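Data block below; observations after.
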2 protein chains.
Amino acid sequence: MRYQDELFQQRETLLLDTALSLFRDSGWERVTIAQLAQHAGVAKGTVYKHFSSKESIYARLALGFSRDCLTHYRALEPAGTPLQSIRRVLHEAFALMQAHPVDVQLCLHCDRPELQARLGEDERAAMEALDRDYQVLFHELVRAAIEAGEVPDKPIEGLFWGVDAIFQGVMERIAAGGLGPERHGTPSLEAYFEHVVEFIVAGLTGPDPVQGREIAQ
Amino acid sequence: MRYQDELFQQRETLLLDTALSLFRDSGWERVTIAQLAQHAGVAKGTVYKHFSSKESIYARLALGFSRDCLTHYRALEPAGTPLQSIRRVLHEAFALMQAHPVDVQLCLHCDRPELQARLGEDERAAMEALDRDYQVLFHELVRAAIEAGEVPDKPIEGLFWGVDAIFQGVMERIAAGGLGPERHGTPSLEAYFEHVVEFIVAGLTGPDPVQGREIAQ
DNA sequence: TCCTTTAGTGACCAACGGTCATTGTATGAC
DNA sequence: GTCATACAATGACCGTTGGTCACTAAAGGA
């Protein structure tokens, strides 16, 4: 790689690191491009040589974090039964997100379709591909649990959307920095995670919907 | 009420109605205060006589919608078993939100703590009170189901947070206008709701977490 | 009738995201 | 070593937008 290109690359990661750091300190909404440029020691125009818009910076950070998470889950050694693996992944996910709330905020922000419409084709495609990878991981995990008899053999598709929704909800809570104002009975985030994991497991291991409804009636 | 005050009130609802209408057409992010004022037939300064900031308008609309929804759920006639009532409320909720995606977007937007920090004390208190009301409704519904033996007698608190998360996730999806880009196997929103309801019911009717874990091991 | 109060107004401001003509320097051909 | 070229860096500049405020006019009340 040419010396010039290398410098360019270094500057880009410097900009991303600086941005994330500033976002942590001041909240990503309040950080201006001018601030970012100043803290990174470059001029404002330079930022736009690397990123087509402020939102593009958000997207890059969100995508990076999301990718890192997936890599992390995949690197987990399988331990115990498939259902225990699922529990493990869930706990890891919650811990990872709790440790990086700003990245979670960015992920949620970039999931909004109005924003995605403003991004470039490449960025949108990358996000979509990552979504698919997550879906694949989910299928693998649940399929294993079904084959092990820990989860009844019902359509994985339906389960996916339930878990997807609950996951989004947890991200929202983490991004919000907690469970809202302290009220009587508001659990700690750790206890909250425990509740959610158990709810997910119950949702997965519950009987087939059709049977479930018949029983309920 | 004095004539002047009445006019003032009318203008306020006119402004809110106009705002919602514009948000529907152009997306709430892109609508400017100047546009709102022009469409409502008032000057820009007048808007700020009614609302302290643009975000305050968001909050008012979100709060209104959220309140209307709760009223709607409460007005539902109890029909069938408690668990069937829960299913009914869930379906009503999803239908209501699907019919008003912009309001859902605003609700999500206003749930963010950075925004709430910028709102007035009154608005924050109103939102918190409404949150409590929802929590009360949930407790009533689940308690009835437990007493009817349709849901095992486990701590409602844990169930609440699971359902809360999944609900947030569904709102996110509705706000996004769908389940993302059409992929193979992506269900319609209606089928999606069905999956989610079944997942929630499974989560509620699942065995007590502690027992569940013992079985899984 | 007159004074007070207050909603309405729109010119104005500051902040911000984004642009672009210009400048300086690394690169590569000869 | 020299020179032409490409392109990253720069920062003055622009348009838009949320928000302000001194002023106007009309309703309310004594």
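What you see is a predicted model; the values in this text were computed from it and never measured. We name chains A, B, ... by the order of the sequence lines, and we start the count at 1 in each one.
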Roughly how many Å is it from CD in A:Glu6 to P in C:dT27, rounded to a whole number? 10 Å
Between atom CZ in A:Arg30 and atom P in D:dG18, what is the gap in whole Å? 17 Å
Give a yes/no answer on whether the side chain of A:Lys44 brings an N or O atom under 4.0 Å of OP1 or OP2 in D:dG11. no
Mapping A:Gly41 and B:Ser52 to their closest nucleotides on DNA chain D, which lands nearer the 5' end? A:Gly41
Please report the distance, rounded to the nearest Å, between CG in A:Asp5 and P in C:dT27. 8 Å
Rounded distance (Å) that lies between atom C1' of C:dT19 and atom OH of A:Tyr48: 10 Å
Counting only side-chain nitrogens and oxygens, does B:Arg11 get under 4.0 Å of the OP1 or OP2 atom of C:dG8? yes
Let me know the distance between CD1 of B:Ile33 and C1' of D:dC21, rounded to the nearest Å. 17 Å
Presence of salt bridge, A:Glu194 and A:Arg87, under 4.0 angstrom: no
Length of the CG-P vector between B:Leu14 and C:dG8, whole Å: 11 Å
Is the phosphate of C:dT9, meaning OP1 or OP2, less than 4.0 Å from a side-chain N or O of B:Thr46? yes
D:dG19, C:dT9, C:dG17: which one has an atom nearest the side-chain heavy atoms of B:Ser53? D:dG19
Between A:His50 and D:dA8, is there a side-chain N or O to OP1/OP2 distance below 4.0 Å? no
Atom CD of A:Glu12 to atom C1' of D:dC7: distance rounded to whole Å? 16 Å
Closest approach to the side chain of B:Phe8, judged atom by atom: which nucleotide of C:dA7, D:dG11, D:dT10 is it? C:dA7
Nucleotide nearest B:Lys49 when distance is taken to its side chain, options C:dG8, C:dG17, D:dA27: C:dG8
Sort out for me which residue in A:Glu29, A:His109, A:Glu172 forms a side-chain hydrogen bond (donor to acceptor under 3.5 Å, both in side chains) with B:Arg112. A:Glu29
Heavy-atom donor-acceptor pair, A:Lys49 side chain to A:Phe8 backbone, under 3.5 Å: no
Spacing of B:Glu29 atom CD relative to D:dT16 atom C1', expressed in whole Å: 15 Å
Can you check whether B:Asp68's main-chain N or O pairs, donor with acceptor, with B:His72's side chain at less than 3.5 Å? no
Comparing nearest nucleotides in DNA chain D, the 5'-proximal residue of the pair B:Tyr3, A:Val47 is A:Val47
Counting only heavy atoms not in A:Arg132 (residues, nucleotides, ligands), do more than 12 fall under 6.0 Å from its CZ? yes
